[in-house]
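Single-structure report; data block below.
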Amino acid sequence: MLILSAAVARGTFVLCEYDASTGADDLTEISRKVLPKIPRTGAIRSYVYGGHTFNYLLDKDLIFLCIAAPTATELVFEFLNEFRRTFEAVSRRSNREVELARMLRDLIMRYNMENGGGRVEQVERDLEEVTDVMRNNLGKVIERGERIDSLLDKTSALKAESVSFRSSAKRYNDDLWWRDQRGKMFLGIVAMAAIVILTWFMLRPEKPPDGS
């Protein structure tokens, strides 16, 4: 079933409603509870409440609301737009609640019997085909041995090798730095020793000549 329930309201005042569902939930009562919660922004929106998805269309002060099958969003909004056009046409002739409710009932039945059923089934078949394609692709991946756990193991191994490489590179760079520092220290010591020796030779007292 495409359309389970629908209603039109001005604010929170329901002008007409119809519940085509056969479940235990009273969808008209749930819809009345949802009306005050619907944001009055945007033209077409969806709202989740009580485990049901409410699709609605705002037109000035009117709210066109329905609960429908979750796999046919495009069809649902087609229904809401036709619901709005039909309601405007009927309400010009009569505002009697009985006629409006009959109009809504006939519209829901037509969508469910003529338009909704076949197209919803087509959407469901398309989803099944996509699922089959994904299942086949997954089977091919498994046949090639590229299992998910194997890929995770490879990723972990590459990560460990990367960490090891960074550690080795850091140790190598540290060794080079210490060697450079030791070389500089050795050259500094040699230079200091040379300066001390030259200074000593330059400043040592000369011996007086031997008298004969």
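One is the number of the first residue; the rest follow in order along the sequence.
Aromatic rings of F64 and F83 (six-membered ring for Trp) have centroids within the 6.0 Å cut-off, being under it.
The structure places CD1 of I38 at 7.5 Å from CG of L58, a figure rounded to the nearest 0.5 Å. If you take OG1 on T86 and CG on L107, they are separated by 5.5 Å, rounding to the nearest 0.5 Å. One finds the CG atom of L57 at 10.5 Å from the CG atom of L65 (value rounded to the nearest 0.5 Å). How far CD1 of I108 is from CG of L104: 4.0 Å, rounded to the nearest 0.5 Å. In this structure, CZ on R84 lies 13.5 Å from CD1 on I63, to the nearest 0.5 angstrom. For the atom pair S5 OG and F54 CZ, the distance stands at 7.5 Å (nearest 0.5 Å).
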Under the side-chain contact (heavy atoms from CB on, under 4.5 Å) criterion, do K33 and I30 qualify, and how do the steps go?
CA-CA 5 Å; K33 292 180 180 179; I30 297 175; 5.6 Å; no
Stepwise side chain to side chain donor-acceptor pair (under 3.5 Å) test for T28 and D26:
CA-CA 6 Å; T28 56; D26 185 351; 2.6 Å; yes
Is there a side-chain contact (heavy atoms from CB on, under 4.5 Å) between F79 and V76? Walk through the geometry before answering.
CA-CA 5 Å; F79 167 81; V76 171; 5.6 Å; no
Could you check V34 against Y47 for side-chain contact (heavy atoms from CB on, under 4.5 Å), going step by step and ending with a plain yes or no?
CA-CA 9 Å; V34 166; Y47 187 85; 3.9 Å; yes
Determine whether Y111 and E82 satisfy the following criterion, side chain to side chain donor-acceptor pair (under 3.5 Å), listing intermediate values before the conclusion.
CA-CA 10 Å; Y111 262 79; E82 185 169 352; 2.8 Å; yes
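Put simply, the side chain of R102 does not reach to within 4.5 Å of the side chain of V90, judged on heavy atoms. At least one side-chain heavy atom of E78 sits under 4.5 Å from a side-chain heavy atom of L75.
The backbone N or O of I3 sits less than 3.5 Å from a side-chain atom of N112, completing a donor-acceptor pair. Judged by distance alone, the side chain of D19 and the main-chain N or O of S21 form a donor-acceptor pair under 3.5 Å.
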Less than 3.5 Å apart, which donor and acceptor atoms pair up between the side chains of residues 10-18 and the rest of the protein, not counting sequence neighbours?
residue, atom, partner, partner atom, Å
R10, NE, D61, OD2, 2.7
E17, OE2, R32, NE, 3.4
E17, OE2, R32, NH2, 2.7

